[in-house]
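Step one of this worksheet: look at the structure below.
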Number of protein chains: 2
Amino acid sequence: MPTLPAALASRRQKTVPGGTSSRGPVTRFDRRLGQILDHATEVFCLKGYEGASMRDLSRATGMSLAGLYYYFESKERLLFLIQKHTFTTILEKLKARLEDVTDPEQRIRVFILNHLQYFMSNQQGLKVLSHEDESLKNSLGSEIAAIKREYYHICLGLMEDLRRSRGLDFNARTAALSLFGMVNWIYTWYNSRVDGNAEALAEQMGNIVLNGIVHGGKPRKKS
Amino acid sequence: MPTLPAALASRRQKTVPGGTSSRGPVTRFDRRLGQILDHATEVFCLKGYEGASMRDLSRATGMSLAGLYYYFESKERLLFLIQKHTFTTILEKLKARLEDVTDPEQRIRVFILNHLQYFMSNQQGLKVLSHEDESLKNSLGSEIAAIKREYYHICLGLMEDLRRSRGLDFNARTAALSLFGMVNWIYTWYNSRVDGNAEALAEQMGNIVLNGIVHGGKPRKKS
DNA sequence: CTATACTTGGAACGAACGTTCGAACGTATG
DNA sequence: CATACGTTCGAACGTTCGTTCCAAGTATAG
């Protein structure tokens, strides 16, 4: 090997095993990789992971086919980088927001709002994350699956907290996964001109999952 | 594994070319095509439409590559046949069930139960329908989209009926699409040993969307 | 039986796939 | 200027893709 193949995740990190919290200068490499990831996200969103070819990505980025491989070692790893960045970001934002809220019901609303707001700002990334969640195999797939599991367990915990604090009687697993379905499915139908912004939609969805449509318009005062 | 009935292909039938309506005897052609569709559904479910190759289908069906093309003219049309049959079936079952129920709330519960029961009996078909809903282009895609639109409008109508009959105040579109998300997403998580049968799950989901988790355990008596 | 239509598969087509190689470019430093 | 290294690309690799041709098989009708 003449020149070392780049694209090892953290290339020349001088320090720190900190993972994504990679402080230090944003190098030219990082910036260019970020642009490629953005374009690749759009292509994967439009044609699907399997349906998108490396030549499609070459066209979308304006970079040659071979040039792309300087930034990542395989198409699969490219999908991994996209999914990991997207999922890590939404998870971090969620954790930060939850620190400010203690009321169990409001915490569930925070979960919904966080998911929807991130969807609005990165629709394509969230679709690639949802739609291609079985496309990664082996270790790459299980690393994403681990993040998903943490995201799920947070949501499950929110449901259990609410149930406990109010002495309610419902299946937290079903509730959490139903809520997941609601918010993950919006990529198939959301239209900004019809469905309003994230806050409006989050409130409606919060009303549904918390109070149901029978009580949906006016959430009842807590006892 | 149930065999998909005929009435789908009508290639060169000896009987009249009137339409694809299910008249006429179930020919050998129809039976064989049904078997192929069953196997293809399984392969598409496992590897995705783009990820599954004609050679995978050849292996799964035990038929040669060229032999498959006697039954359908392209891989895309094969996906179309699967989706059309699945969607048509679930839609017909829904319409039949709704004829017996008049109470708006119960009609929504019928919708949920119908969807879940069909999912239990044809998980793979419903996953292929949900997951590959953007894989078909042009006329094939728009024919499936038309069925989807009818299915959606039925659900939307159920929501509006409930809202009107009870003088409620909620967004029927958001409610219908949220419910769609709930029931379409189960293919990513359903586990029969944990989540019970269709009736139990349908009741829980009905409680959530109608009464919300805050009132979920015991649906309140209607006024 | 022969004749006829329906059913199958071996072999191959051109195209597109993900990936690699080695040479050349650009730029910042000595 | 020369050196070194990070960056880019044209061209090609071997493989697999969806699809087709055509001859051979098999059931059914006369």
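Chain letters run A, B, ... following the sequence lines, proteins first, then strands; residues in each count from 1.
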Flag for A:Tyr187-A:His131: side-chain donor and acceptor within less than 3.5 Å: yes
Selected nucleotide, minimal atom distance to B:Tyr71 side chain, candidates C:dA12, D:dT7, C:dT8: C:dT8
Nucleotide nearest B:Arg55 (side chain, heavy atoms from C-beta), chosen from C:dA12, C:dC17, C:dT7: C:dA12
Sugar-phosphate or base contact per nucleotide [nucleotides 20-30 of chain D; S, B, -; heavy atom under 4.0 Å]: BB---------
No-hydrogen, no-angle side-chain donor-acceptor test under 3.5 Å, B:Tyr118 and B:Asn114: no
Integer-rounded Å distance: D:dT8 C1' and A:Leu33 CG: 15 Å
D:dT8 phosphate, OP1 or OP2, under 4.0 Å from A:Tyr70 side-chain N/O: no
Given DNA chain D, 5'-ward residue of the pair B:Lys75 and A:Gly62, judged by closest heavy atom: A:Gly62
More than 12 heavy atoms of other groups within 6.0 Å of B:Asn191 CG: yes
is_close_aromatic(A:Phe29, A:Tyr71), centroid dist under 6.0 Å: yes
Please list, for nucleotides 23-28 of chain C, all pairs of protein and nucleotide N/O atoms separated by less than 3.5 Å.
none

Heavy-atom pair of closest approach, residues A:Thr41 and A:Val128: O-CG2, 3.7 Å
Charged N-O contact under 4.0 Å between A:Glu143 and A:Lys84: yes
Distance in angstrom units between A:Leu68 CG and C:dC17 C1', rounded: 15 Å
CG/A:Asn138: more than 12 non-hydrogen atoms of other groups inside 6.0 Å: no
Aromatic plane relationship, B:Tyr151 with B:Phe180 - under 30° parallel, 30 to 60° tilted, over 60° perpendicular: perpendicular
Closest listed nucleotide, where the reference is the side chain of B:Ser64 and the choices are C:dT8, D:dT8, D:dT19: C:dT8
